[in-house]
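Take a look at the structure set out below.
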Amino acid sequence: MSALNEHARQIARHPLLGGDIDFKLCESGGARNSAATVESGFDRLRVSVVEEVVAMGPRAVGGADPGKDAGRHVSPWEFHDMLACGDGCGSRVLLDVRNCYESAIGAFRVDGLPTLIPQVRTFSELPGWIDRNLEALTDKTVLMYCTGGVRCERASAFLRERGAAFRDVVQLEGGIWRYMDAYPDGGFFKGKNFVFDERVAVSSGDGTVVGRCLACGRPWDDYGGRHRCAHCRMLMLLCPDCESLASGRLACGLCQQGGGLATGGPQQPRPARPRRKLKILCLHGFRQTGKAFRGRTCALRKKLRDVADFRFIDAPHKLIFYSKHGQIARTNSAVDIEPAALSPCSETDGCRSSQSRLGSLGTKEQGPNMPETKGHPVVKRAWLINPEIDVLPEQPASENGACWLAASDAMNHDQYKNQTFGWEESWKCLSEVLSSEQFDGIWGFSQGACIAAVVCALQEERQRLQRAEGGDSSTNDGRNLADSDESLTTILDTQRPESAPLVADNRCTDDGFDDCTPKVSNSKHLTAVRFVVLGSGYPSPVEEHKALFRRTGLLQVPSLHVFSNGIADRQVPRQDSEDVAMLFRAESRQTIVHDAGHIIPVAKTHIEEYRRFLERFLDANDEGD
């Protein structure tokens with residue numbers, strides 16, 4: 001604690017960071033359990049630059065400035081006095097702006113004071129709730145509160161922006177946290193204060209149990225079991241006697257009522273039915289293939305075969321065959337050889353372009369420097385390429401049937417940062433797969449993880465545009481996401497110079513079984529994935545993708561990020577993997593840091609963590625499956 005206090009003092013003295021930061025420090029009694037530690041993501045210090053501290057969704061984009069238009073701050077003691085109005089509350093109304101699962105275990109309770117507890121799953125749903133319930137807030141003195149005061153800054157500004165009838169908004173400074181500091185016995189706050197770290201909740205001190213078991217209705221306020229709704233993945237309260245129900249298809253109160261505003265007592269859980277396995281689309285890394293990725297994940301697939309089915313596809317862009325120092329280096333910059341794997345290099349393999357490009361690519365190796373191989377080199381593929389080094393030149397095949405070039409200096413560990421072309425062909429391939437099959441999630445590795453993050457952002461962009469147009473689209477529930485406009489399918493198309501033609505065929509194959517010729521204009525539905533797993537990922541270097549991430553803000557798709565500790569992985573630095581993780585919301589983001597190299601680890605502890613993450617999305621078979 002002394003170190004934390006010193007850190008706060010140093011920050012307070014900093015010319016840029018110092019000021020009115022309210023550091024909330026307390027002694028922790030430890031994690032609720034290991035599952036809470038994994039899900040909270042508060043296992044180490046993270047510093048990131050974001051546009052919004054808390055995302056409020058598209059309705060609030062470009063709206064009121066919280067720094068200028070937030071409600072009037074009052075101390076815990078002033079807020080307490082305003083609550084203690086008895087029969088003289090008049091036009092006052094109490095508004096809780098937290099998520100409903102937080103309010104379910106603790107809230108302010110004042111006799112005679114109208115209290116509004118929005119039944120919303122996330123903070124981004126609050127603006128819609130406010131707009132639907134303005135009548136209850138018109139010409140009222142709104143007493144607003146949240147956990148620590150941050151969400152009130154956004155919510156109060158949003159409400160006051162609605163007009164003169166909504167200007168009288170008072171917010172509890174420091175939130176429930178500071179109120180409990182001022183009133184250790186709980187005061188008007190009953191139950192527990194939900195927190196997003198590994199403690200899960202902090203008691204108000206009066207011992208009141210506000211929460212109720214979803215199934216039987218008995219008093220219960222412990223989220224330690226981490227039980228989640230089979231439909232929306234929201235946390236649910238289940239007492240020990242009813243925990244066995246969690247293994248089936250169990251819906252939260254909101255889902256059972258179709259998203260209604262009131263919960264009103266214990267719910268009868270839906271009967272459990274046999275659950276289907278998850279279907280996961282797997283995207284390989286740079287200079288790899290779907291077949292190779294499938295082979296390298298053999299142990300992973302075997303250990304998770306009861307949880308998921310994996311579908312592997314090829315990226316559209318074929319790559320050049322390079323050699324280093326007369327040898328076939330077994331690195332990310334070289335090619336692996338498999339006997340008689342494919343036909344010799346031919347025109348259809350992309351061995352045609354301009355001789356003039358050889359200057360930047362290197363010279364064709366001759367004589368004894370040519371790699372000696374038996375059979376033919378396996379074509380390697382990519383989702384994004386660097387046209388300066390990844391475009392096949394016009395060269396005759398060597399005696400062993402391959403077009404070989406000496407690796408240039410640009411073929412180094414940083415080459416992925418310059419792979420900015422080829423998205424149009426890759427998106428056509430992916431959109432065809434996503435429109436023809438229904439996937440629960442995507443598992444990407446290295447460049448495949450980079451692409452998977454872009455797909456998630458594009459999915460949320462499409463949903464945002466459909467909402468703006470008044471359309472009805474599914475969210476991350478594994479159902480279909482309707483195309484609102486054909487132009488959306490190419491929203492991220494990149495422009496490539498004519499001097500850098502891309503080499504791409506239009507086949508995405510799973511071990512050579514499928515032919516998915518792009519038919520984007522005919523695609524009416526794209527799967528909305530429910531989760532994503534990113535192994536050794538990094539943010540896309542494509543400028544259009546960067547702009548997309550700025551528009552979407554933090555991604556809501558639940559994500560699992562698997563990367564090295566920064567020592568063993570020589571291809572992708574840990575910081576890059578952390579940067580792509582920071583594109584996703586902290587509440588739904590998990591990380592696994594391992595001490596292996598540029599791989600997906602399959603040790604027992606890692607498999608257990610994969611399984612815990614995936615089992616959150618296991619669902620019963622739908623009718624018609």
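The two residues Val532 and Phe613 make their nearest non-hydrogen contact at O-CZ, 4.0 Å. Nearest approach of His284 to Ala315, heavy atoms of both residues: NE2-N, 3.0 Å. Scanning both residues, Phe531 and Leu614, for their nearest heavy atoms gives CE1-CD2, 3.6 Å. Closest non-hydrogen pair, Phe445 versus Ile600, comes out as CD1-CG1, 3.7 Å. Between Leu304 and Phe310, the shortest heavy-atom contact is CD1-CZ, 4.3 Å. Taking each heavy atom of Ile105 and Ala201 in turn, the nearest pair found is CD1-CB, 3.9 Å.
Between Phe312 and Thr289 there is no side-chain heavy-atom pair separated by less than 4.5 Å. Here the side chains of Pro219 and Arg212 are in contact, with some heavy-atom distance below 4.5 Å. Inter-residue side-chain proximity for Leu254 and Cys100 is flagged as met; some heavy-atom pair is nearer than 4.5 Å. The shortest distance between side-chain heavy atoms of Arg294 and Arg301 falls below 4.5 Å. Side-chain contact between Glu609 and Gln590: absent, with no pair of heavy atoms (C-beta onward) separated by less than 4.5 Å. The shortest distance between side-chain heavy atoms of Asn99 and Arg121 does not fall below 4.5 Å. For the pair Leu430 and Ile313, the minimum side-chain heavy-atom distance is below 4.5 Å. Looking at heavy atoms from C-beta onward, Phe158 lies in side-chain contact with Asp131 at the 4.5 angstrom threshold.
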After noting the C-alpha distance and the side-chain angles of Tyr223 and Lys192, does the key distance pass the side chain to side chain contact (heavy atoms under 4.5 Å, CB included) rule? CA-CA 11 Å; Tyr223 282 117; Lys192 293 180 177 179; over 6 Å; no
Run the salt bridge (charged side-chain N to carboxylate O under 4.0 Å, His left out) test on Arg611 and Glu608 for me, step by step, so that the C-alpha distance in whole Å, both residues' side-chain angles and the decisive distance to 0.1 Å come before the verdict. CA-CA 5 Å; Arg611 182 177 293 275; Glu608 290 175 349; over 6 Å; no
Take Trp220 and Cys242 through the test side chain to side chain contact (heavy atoms under 4.5 Å, CB included) and record every step on the way to the result. CA-CA 11 Å; Trp220 189 255; Cys242 299; over 6 Å; no
Run Asp576 and Lys417 through side chain to side chain contact (heavy atoms under 4.5 Å, CB included) and show every step you take. CA-CA 10 Å; Asp576 286 353; Lys417 298 179 180 178; 4.1 Å; yes
Run Leu384 and Trp423 through side chain to side chain contact (heavy atoms under 4.5 Å, CB included) and show every step you take. CA-CA 6 Å; Leu384 297 173; Trp423 170 245; 4.0 Å; yes
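The distance from atom CG of Leu555 to atom CD of Glu461, rounded to the nearest 0.5 Å, is 10.5 Å. We find the NE2-NE2 distance between His606 and His594 to be 6.5 Å, quoted to the nearest 0.5 Å. For the atom pair CG (Leu237) and SG (Cys252), the distance works out to 11.5 Å, reported to the nearest 0.5 Å. Residue Leu534 holds its CG atom at 5.0 Å from CZ of Phe584, rounded to the nearest 0.5 Å. One distance of note links CG of Leu434 with CD1 of Ile442; it measures 5.5 Å at 0.5 Å rounding. Rounding to the nearest 0.5 Å gives a distance of 4.0 Å between CD of Glu102 and CZ of Arg151.
Under the 3.5 Å distance criterion, the side-chain polar atoms of Asp96 are matched with a main-chain donor or acceptor of Arg98. Between the side chain of His317 and the main chain of Gly422, a donor-acceptor pair closer than 3.5 Å is present. Gln447 places no side-chain N or O within donor-acceptor distance of the main-chain N or O of Ala382, the cut-off being under 3.5 Å. A donor-acceptor pair is defined here as one N or O able to donate and one able to accept, closer than 3.5 Å; such a pair exists between the side chain of Lys303 and the backbone of Val602. A donor-acceptor pair under 3.5 Å is formed between the side chain of Ser564 and the backbone N or O of Ala596. Checked by atom type and distance alone, the side chain of Asp440 pairs as donor or acceptor with a backbone atom of Lys279 at under 3.5 Å.
Shown are Arg589, Glu578, Met582; of these, the side-chain contact (heavy atoms from CB on, under 4.5 Å) with His561 is made only by Arg589.
Looking at Lys428 and Glu424, a side-chain N of the basic residue comes within less than 4.0 Å of a carboxylate O on the acidic one, giving a salt bridge.
The aromatic ring centres of Tyr416 and Tyr538 sit less than 6.0 Å apart.
Residues satisfying the side chain to side chain donor-acceptor pair (under 3.5 Å) criterion with Ser426, sequence neighbours excluded, are absent altogether.
With hydrogens and angles left out, the side-chain atoms of His598 and Ser446 include a donor and acceptor closer than 3.5 Å.
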